[in-house]
Participant: 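Dropping the structure in here first, questions after.
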Protein chains: 2
Amino acid sequence: MFNTNKEDLNETQIKIMEAAMAEFLEKGFSGARMQNIADNAGMNKALLHYYYRNKESLFKQVFRDVLIDMFSMLTDIIETEIDFESKLNKLVKSYMNYLIEHRQFPLFLLNEIYRNPEIVDQVLRESDVSETWDKFYNELCQSQKNGDVIELNPAHIIVTIVSLVVFPVAASNVITRFADISQSEYYEFLQERIDIIPEFLIKALLKK
Amino acid sequence: MFNTNKEDLNETQIKIMEAAMAEFLEKGFSGARMQNIADNAGMNKALLHYYYRNKESLFKQVFRDVLIDMFSMLTDIIETEIDFESKLNKLVKSYMNYLIEHRQFPLFLLNEIYRNPEIVDQVLRESDVSETWDKFYNELCQSQKNGDVIELNPAHIIVTIVSLVVFPVAASNVITRFADISQSEYYEFLQERIDIIPEFLIKALLKK
DNA sequence: GTCTATAGCGGGATAGAC
DNA sequence: GTCTATCCCGCTATAGAC
C-alpha cells in the first residue's frame, strides 16, 4: 500500500531516516538542520540530497512514517472483534503505553499539521485512517442503540477519549516544568493514568 | 509586578508587538521572520532591533504576554470564593470561551516550551502562577476530605480537567482535517463542549 | 554511492544618514 | 526615532572528483 517499505531501505537510508526523525521530532521542520542530520547519521550533507531530493521530501518521509506508525496500532485494535467496553479498555491501555514510548509523536504531529495542513491531505489520502475511524464510530453508535453507552454525539465521546489519552503526553514537558517534577516521576504518573482513564470513561460514558 | 505594562508602550511598540505576536503564533520562533513582522507592522527591520535588541528578546516578550494573559483569568476565577462544584463549572466555561477566542495560544505554548524549556523558568519566576495552582490544589484536597470529590491523587484530577479543556483547542487543526469539517462547524462543536465537559467531570469526579 | 568544495541566497543584525 | 544600505553568517542545494 505504501511505496516506502522499511525493508526496501539500504543501510545508509536507514541511518539517514533515524537521524532525520530524531532531528525533526526534536526541532520541528523549520528548526531542523540538514547539517545536524548528516552529522548524526555519520555522513555528509550531500548524501542526504542524493537519497532525498531536498529537506522537504526528507521531512515528508519522516512525517509519513510517524503518522502511519501511530495509526497502524490503532487500526489493529479497532479491527479486533470484542465488546465495546473491553475494546475501550484495550484501546486506552495500548495507546498510553505506545505514547509513553513515543512521547514526541503527539506534539510533533499537532505542530507540523498546524503549520502546514496540506501535508496531511497528501499522506492521509493514501492511508486507511478514515476507514478505521468510521468503524469505531459505527461501533460506538451501535453501543448507544444497545443502551450500553449514553446518548451523546459520538464525536464528543471520541474527542473526550483522545483528549484524556493524548494531552498528558503532548504536554509532558509543560507539566513537568509547572509541577516542578522530574521526567521519571512524570513517567510514574502516566503509568498510573493507564488505569485511571478507563475508570473515568466507564463512569461517565457507560450506563450501568 | 511585571516590568512590561501595556500602558507604557508607545504606538510603534504596540504595532510591533501585534505584528510579532501574529507572526510567532503562526510560525513559531524558528519559523518566524523579522522581515514579516516589520512588513506587517508597517515599518523597517532596523526599527525592530532599535526597540528589541534581537529576535529572541522580541519573542520572549510575546511569550511572556501570552503566558501571563492565559493565567491571569484563571487566577481571577480561582480566587473567587464559591463552592467547588460551582467553581469547576465556572472554570471550564470561562476557560473554554477564552480559548475559543485565542485558539493559537495552547499549541504555541506547548510547542515553544518543549523546544526551549528554560524560557518558562525565566517568566514563571516573576509570576504568581504557582500560588494559583496551590490554592486550587488545596481546595481540591479539602473537597476530598469533605467527601464531595472522589479519593484520588489530585494531580490526576487536575490533569484530567486540563486535558478535556485544552486538547480540543490545541488539536483543532488536526481534528478539522481528520474529520473533514470546516472551522465554523468545529466552532459549533467546541461551543457544545462547554456544557458537556462539566457534566463529564461531575459524573466522573463527584460523589453524588 | 560517497566525498569535498562551493555556489547562492535568505535572514538577523548593525552602521550611519536624516 | 526612523530610514536605507550593507554586512556576514548559516543554511540549503549542487557541481564535480573519486
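Below, read A as the first sequence line, B as the second, and so on, with proteins coming before strands; counting in each chain starts at 1. Owing to the predicted nature of the structure, the values given are computational and were not obtained by experimental measurement.
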Participant: In this structure, how many angstroms lie between the P atom of C:dG1 and the CG atom of A:Leu48, rounded?
Facilitator: 15 Å
Participant: Do the side chains of B:Lys135 and B:Glu131 get close enough for a salt bridge, i.e. N-O under 4.0 angstrom?
Facilitator: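 A salt bridge is absent here (no side-chain N lies under 4.0 Å from a carboxylate O).
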Participant: What is the separation between atom CG on B:Leu47 and atom C1' on D:dA5, rounded to the nearest whole Å?
Facilitator: 16 Å
Participant: Rounding to an integer number of Å, can you tell me how far B:Tyr51 OH sits from C:dG12 C1'?
Facilitator: 20 Å
Participant: Using a cut-off of 4.0 Å between protein heavy atoms and nucleotide atoms, how would you tag nucleotides 11-18 of chain D 5' to 3' with B, S and -?
Facilitator: SBBBB---
Participant: Does this structure show an ion pair linking A:Glu23 with A:Arg33, if we count only N-O contacts that are shorter than 4.0 Å?
Facilitator: no
Participant: Can you confirm whether B:Lys60 sits close enough to B:Glu56 that some side-chain heavy atom of one is under 4.5 Å from a side-chain heavy atom of the other?
Facilitator: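 With C-beta onward as the side chain, the pair touches.
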Participant: Answer yes when A:Asp195 and A:Lys93 have at least one side-chain N-carboxylate O distance shorter than 4.0 Å, and no when they do not.
Facilitator: yes
Participant: Decide, yes or no, whether a salt bridge links B:Glu112 with B:Arg64 under the criterion of side-chain N to carboxylate O below 4.0 Å.
Facilitator: no
Participant: Run the ring-centre check on A:Phe108 versus A:Phe105 and record whether the distance is less than 6.0 Å.
Facilitator: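 They do not qualify: ring centres at least 6.0 Å apart.
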Participant: Would you say a side-chain N or O of B:Thr12 is under 4.0 Å from OP1 or OP2 of D:dG1?
Facilitator: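 So the side chain of B:Thr12 is outside the cut-off, no N or O lying under 4.0 Å from OP1 or OP2 of D:dG1.
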